[in-house]
Number of protein chains: 2
Amino acid sequence: MVKDELDRSPLSVVLVEDNRILREGWVTTLKLEPDIAVAGDYSSCEQLLASPVLHVADVILLDIELPGKSGIEAIPLILSLRPQAIIIMVTMHEDDQHLFDAICAGAIGYLVKMSSALDLAGAIREAVAGGSPMTPNVARRVIDYFHPKSRYLPRQNELSEQDLEVLNHLGQGKSYAAIAKVMFLSVHGVRYHIRQIYEKLQVSSRGEAVAEALEQRLIRPPT
Amino acid sequence: MVKDELDRSPLSVVLVEDNRILREGWVTTLKLEPDIAVAGDYSSCEQLLASPVLHVADVILLDIELPGKSGIEAIPLILSLRPQAIIIMVTMHEDDQHLFDAICAGAIGYLVKMSSALDLAGAIREAVAGGSPMTPNVARRVIDYFHPKSRYLPRQNELSEQDLEVLNHLGQGKSYAAIAKVMFLSVHGVRYHIRQIYEKLQVSSRGEAVAEALEQRLIRPPT
DNA sequence: TTGCATACTACCCGAGTGGGTAGTAATGGA
DNA sequence: TCCATTACTACCCACTCGGGTAGTATGCAA
């Protein structure tokens, strides 16, 4: 927690957005909030990275499409200078590529600009309170990442329960022998299932199989 | 979309919760909403699975800790009978294990019971509109799943840029030869980096390396 | 200049892995 | 009853992978 509930000093918020109209509108809106102080607003990441304000920022609202460095490229640079900063993307891009690039880089929230009720102040407070503000559709796509792909739909690659168990062990880097041991099978039995897996997944090595299985969410990603 | 915006017929909502007081409270609350119809309320998953109501349910609010089958175990069974159902967990369990078990199984929302402002009706509407209702802390933990672990903190396992690139290719199931080709190295050069990786990650096979790298979010999980 | 670390290239060798093939016990129809 | 499928066990063989070891070019620092 950068600020706790008893801390009455306003949150130091920074905006990076190249559209001047939008940016000034947001600054104006946020200035009405007593618990939020706009410490700076910039039209490019380079300006933010060069500013001393970065080193006191609590929350950074970041556009993606910007002149010069993109917002996503800037995230690691920002976090290396100010690790405790809370970065919330505010963007027009609703596609998975930008979304996952941003959160993998370290963004904590992701708001779509044209969303009907874009509540910047609310999102800032939610993020500071330990949440992750997201537009509803964005939240759904993040959750969908974990969902099994088409497991409850007409199944094509009918992996048996045993196949799946072997696949899970493969994903944990176990050798044939190790898998045989825990599954009470001979090494040949393990190979039997692995051959089934390779054929059904259309691959020809353990690495490819694990990659494909993760892709299709056939095995649970490590938690 | 199970119901579109023009559809004025109420949403068919089902509750599974073993605490009678809580359940009846929720039923009463939801009955006040004109766009929501409580089609059934049950104290166990077995009851729901045996009920014909399941086959017309739009949204299912599901507790985790229940007599008999747990809510999480019930998810695949429910979805195999009613794939279009939207499942929202309503539970006391805030730990990662239950959370990720639930969303990996197919839950679309995850609400913590004792949350200060538990808005069931709002959550139901958000889920039906294509969102994923989550308590703020839950959302943060889902997002944290994608965040690099301690990459911006004192780094111990100093993997070089080249090491990381090799690691990424390993994660995609590529062979030494294939990696050598795309990185313009000899196979020996690839082996050099892989040895570095194994030593720094304290592992001794490609499988373990990939598992460990995913665990530490050193490489991006597949999208 | 020497010394040292980094980023490779290179060879040997044994264990692990994958493809081909075949045999067997159990199960379930037709 | 016969036939087919499933779930193994089993052997052969070539290739990949991982550990040990060593050589080399580059750069950096004392």
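Naming convention: chains lettered A, B, ... in sequence-line order (proteins, then strands); numbering from 1 in each chain. All values below come from the heavy atoms of this structure, side chains included, with hydrogens, waters and symmetry mates left out.
Atom P of nucleotide D/dG19 and atom CZ of B/Arg206 are separated by 13 Å, given to the nearest angstrom. Whole-Å rounding puts the A/Glu199 CD to C/dG20 C1' distance at 13 Å. Distance B/Ile194 CD1 to D/dT16 C1': 11 Å, rounded to the nearest Å. The distance from atom CD of B/Glu208 to atom P of C/dG16 is 13 Å, rounded to the nearest whole Å. Protein atom CG of A/Asp163 is 15 Å distant from nucleotide atom C1' of D/dT5, rounded to whole Å.
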Worksheet entry | Footprint string (nucleotides 8-15 of chain C, 5' to 3'): B base within contact, S backbone only, - free, heavy atoms under 4.0 Å | BBBB----
Discussion item. Treating primed atoms plus P, OP1 and OP2 as sugar-phosphate and everything else as base, which nucleotides of nucleotides 22-28 of chain D get B, S or - for protein heavy atoms under 4.0 Å?
Written reply: -------
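Not counting sequence neighbours, the partners of B/Asp163 by the side chain to side chain contact (heavy atoms under 4.5 Å, CB included) test are B/Leu159, B/Ser160, B/His193, B/Gln196, B/Ile197, B/Lys200.
When all heavy atoms of A/Ile60 and A/Ala85 are compared, the pair lying nearest together is CD1-CB, 3.9 Å.
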When the side chains of residues 132-139 of chain B are checked against the rest of the protein, which donor-acceptor pairs come out under 3.5 Å, sequence neighbours left out?
from: B/Ser132; atom 1: OG; to: B/Ile108; atom 2: O; distance (Å): 2.8
from: B/Thr135; atom 1: OG1; to: B/Val112; atom 2: N; distance (Å): 2.9

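Side chains of A/Gln47 and A/Ser43: a donor-acceptor N/O pair is present below 3.5 angstrom, by distance only.
With a 4.5 Å cut-off on side-chain heavy atoms, B/Leu30 and B/Leu61 count as touching.
Residue pairs satisfying the salt bridge (charged side-chain N to carboxylate O under 4.0 Å, His left out) criterion with at least one member in residues 65-78 of chain A, sequence neighbours excluded, are absent. Among residues at least two apart or in separate chains, ring-ring contact (aromatic ring centres under 6.0 Å, His included) pairs with a member in residues 52-109 of chain B are A/Phe146-B/Phe100, B/His93-B/His98, B/Phe100-B/Tyr145.
Remark: A/Arg23 does not engage A/Asp18 in a salt bridge, criterion side-chain N to carboxylate O under 4.0 Å.
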